[in-house]
Amino acid sequence: MLIDLHTHSSVSDGTETPATLLATAQAAGLDVVAITDHDTTDGWAPAEASRPRGLTVIPGMELSCRWLVDGDRPISVHLLAYLFDPEHPGLMSERTRLREERLGRGERIAIALAEAGYPVTWERIVEASEGGVVGRPHIARALVEAGAVDSVDHAFATLLHPRSPHYVAKIDTEVREGIALVRAAGGVPVFAHGLATKRGRVVGDDAIAAMAAAGLMGLEVDHPDHSPEERDHLRGLAADLGLLVTGSSDYHGTNKTTPIAACTTAPDQLEALLAAGTGSVPYRD
Ligand code: AMP
Ligand code: FE
Ligand code: FE
Ligand code: ZN
């Protein structure tokens with residue numbers, strides 16, 4: 001059984017439509033794939049409608065959250081949420097707020113870049129996102145198109161990095177509130193790429209313990225951005241805190257260099273996750 005629990009489609013910042021994403025998943029030999037676009041469930045219906053026979057699809061989302069730090073900027077944390085009720089009012093209004101937040105923040109980054117002389121426009125970035133949830137990958141592509149950087153990766157390492165003078169933060173959901181919302185909606189919250197230092201600052205073990213106390217159910221341990229040491233550390237924490245362990249690619253089509261199924265989840269962990277999720281059901285034969 002090959003199981004990948006974290007992928008993005010063009011409904012957010014991946015480059016493949018949900019239907020193409022599922023075809024890619026099946027061609028890669030996956031038995032189970034989760035669709036986890038940022039702050040939206042818009043990919044669920046097209047994924048259900050286009051699911052190839054034999055492939056199980058777990059409906060999910062990656063919620064943009066933050067961990068507040070006394071006397072410093074908040075730390076960005078991503079919360080994967082599986083099998084929640086897509087119509088739970090609290091979670092629905094929070095993801096709507098987050099998408100609006102992304103628009104305001106994206107425009108401010110675009111304006112800051114334009115003022116600094118980079119030939120990008122917010123209108124072009126929104127147009128190129130084709131109705132998907134706008135994120136820095138769309139701005140990165142605009143910078144590549146404009147010849148300002150040679151790759152999306154390069155844009156993230158420089159102009160779009162949290163330490164860049166052009167960066168603007170979003171007001172993301174306080175992560176314990178996010179965990180509570182996902183649980184209230186019958187979902188399974190899993191902390192995504194918790195030690196991925198190349199994304200910026202990461203939280204400490206104390207924060208992960210506090211998240212577990214707030215109802216977190218799993219840690220994404222095997223992720224392309226985690227070193228072997230980071231994986232070992234997270235695996236130990238998951239054992240100590242009684243959390244599920246997941247592995248996934250965080251596939252974004254050609255917006256990232258990672259192939260689908262680059263990391264995978266053990267079948268027993270998937271079974272536990274399926275048993276815990278009560279807000280919606282997987283799409284399967
Ligand atoms: P945002 O949510 O707008 O802050 O943008 C963060 C998104 O950019 C996340 O979905 C990441 O997966 C993606 N991302 C982070 N680093 C990179 C990179 N080097 N190349 C492509 N996408 C990235
Ligand atoms: Fe993304
Ligand atoms: Fe993420
Ligand atoms: Zn992701």
Side-chain angles (χ1 to χ4, degrees), residues 4-16 21 33-40 42-43 58 60-66 73-82 95 97-110 112-113 122 125-126 128-129 132-144 149-164 166-173 178 189-202 219-220 222-226 246-260 262-263:
D4 186 342
L5 292 182
H6 183 170
T7 68
H8 296 265
S9 77
S10 54
V11 156
S12 66
D13 57 2
T15 54
E16 296 175 354
L21 171 68
V33 67
I35 177 166
T36 54
D37 281 301
H38 297 283
D39 307 320
T40 182
D42 285 355
I58 315 272
M61 175 172 72
E62 189 174 16
L63 193 68
S64 305
C65 295
R66 57 185 194 159
R73 288 169 296 119
I75 297 174
S76 161
V77 298
H78 285 181
L79 190 68
L80 290 160
Y82 301 101
R95 58 182 190 266
R97 186 192 70 75
L98 285 167
R99 291 196 302 271
E100 285 165 0
E101 185 66 28
R102 284 175 168 282
L103 291 174
R105 169 272 200 150
E107 182 168 21
R108 286 167 67 202
I109 295 179
L113 288 167
W122 178 236
I125 292 162
V126 170
S129 74
V133 175
V134 180
R136 276 181 291 159
H138 299 107
I139 306 175
R141 287 177 80 95
L143 286 164
V144 173
V149 290
D150 16 295
S151 68
V152 166
D153 244 4
H154 186 203
F156 268 93
T158 57
L159 295 170
L160 298 178
H161 195 275
R163 280 192 295 274
S164 160
H166 315 296
Y167 181 78
V168 178
K170 315 193 272 347
I171 310 293
D172 291 332
T173 310
V190 172
F191 184 19
H193 47 66
L195 292 181
T197 47
K198 84 168 203 187
R199 297 182 63 244
R201 287 172 303 151
V202 298
L219 297 180
E220 188 179 55
D222 292 303
H223 182 283
D225 292 346
H226 286 157
T246 69
S248 30
S249 65
D250 202 354
Y251 180 67
H252 278 68
T254 57
N255 268 347
K256 268 194 184 174
T257 51
T258 317
I260 201 162
C263 296

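Values in this document were obtained by computation on a predicted structure and should not be read as measured data. Ligands are counted one by one from 1 in listed order, and the atoms in each one are counted from 1 as well.
Atoms NE2 and SG, on H78 and C65 in that order, are 8.0 Å from each other to the nearest 0.5 Å. Taking CH2 of W122 as the start and CG of L113 as the end, the distance is 11.5 Å to the nearest 0.5 Å.
Residue contacts with ligand 1 for H8 are absent, since no atom lies close enough (heavy atoms, distance under 4.0 Å). Under 4.0 angstrom from ligand 1, there are no non-hydrogen atoms of H138. In R199, neither the side chain nor the backbone holds a heavy atom less than 4.0 Å from any atom of ligand 1.
Residue D39 forms a side chain to side chain donor-acceptor pair (under 3.5 Å) with just one option from R95, R102, K170, and that option is R102. Screening I125, V152, D13 for a side chain to side chain contact (heavy atoms under 4.5 Å, CB included) with R141, the sole residue that qualifies is V152.
Proximity of S248 to T7: side-chain heavy atoms (C-beta onward) are nowhere separated by under 4.5 Å.
Considering all non-hydrogen atoms of both residues, Y82 and A34 come closest at CE2-CB, 3.7 Å. The two residues E101 and I171 have their closest heavy-atom pair at OE2-N, 2.9 Å. Minimum heavy-atom separation, R201 to P74: NH2-O, 2.9 Å.
For ligand 1, the atoms closer than 4.0 angstrom to any heavy atom of H38 are 9 (C), 10 (O). Counting the atoms of ligand 1 from 1 in the order shown, those under 4.0 Å from a heavy atom of N255 are 20 (N), 21 (C), 22 (N). Atoms of ligand 1 lying under 4.0 Å from at least one heavy atom of D153, given by number and element, are 18 (C), 19 (N), 20 (N). Each of the following atoms of ligand 1 lies closer than 4.0 Å to a heavy atom of G135: 3 (O). In summary, the atoms of ligand 1 found under 4.0 Å from a heavy atom of R102, numbered by their order in the structure, are 1 (P), 2 (O), 3 (O). Within the listing of ligand 1, atoms 20 (N), 21 (C) sit less than 4.0 angstrom from a heavy atom of V152.
Looking at R136, K256, H78 and measuring to atom 6 (C) of ligand 1, the nearest heavy atom belongs to R136. Closest to atom 15 (C) of ligand 1 by heavy atom, among Y167, Y251, F156, is F156.
The closest approach between H252 and ligand 1 falls below 4.0 Å for a heavy atom of the residue. In this structure, R105 is part of the shell of residues with a heavy atom less than 4.0 angstrom from ligand 1. Within the structure, the closest approach of P137 to ligand 1 falls below 4.0 Å when heavy atoms are considered.
Between H8 and H38, the ring planes are parallel. Angles under 30° get that label, and only those over 60° would be called perpendicular. By the 30° and 60° cut-offs, the orientation of the rings of H223 relative to H6 is tilted.
For the residue pair N255 / T15, no side-chain donor-acceptor distance below 3.5 Å is found, with atom types taken as modelled.
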One pair to check against side chain to side chain contact (heavy atoms under 4.5 Å, CB included): H193 and E62. What are the steps and the verdict?
CA-CA 11 Å; H193 47 66; E62 189 174 16; 3.2 Å; yes
Could you walk me through whether L79 and T173 pass the side chain to side chain contact (heavy atoms under 4.5 Å, CB included) test, one step at a time?
CA-CA 10 Å; L79 190 68; T173 310; over 6 Å; no
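Only protein atoms were considered; those of element N, O or S under 2.8 Å from the Zn ion (ligand 4) number 4.
Salt-bridge check for D250 with K256: passed, with a basic side-chain N closer than 4.0 Å to an acidic carboxylate O.
Shown here are the protein N/O/S atoms lying under 2.8 Å from the Fe ion (ligand 2), water excluded: D13 OD1, D13 OD2, H38 NE2, H252 NE2.
In terms of polar-atom proximity, D13 is counted as a contact of ligand 1, with an N or O under 3.5 Å from an N or O of the ligand.
Dense packing is recorded around CZ of R99, with more than 12 heavy atoms of other residues, nucleotides or ligands lying under 6.0 Å away.
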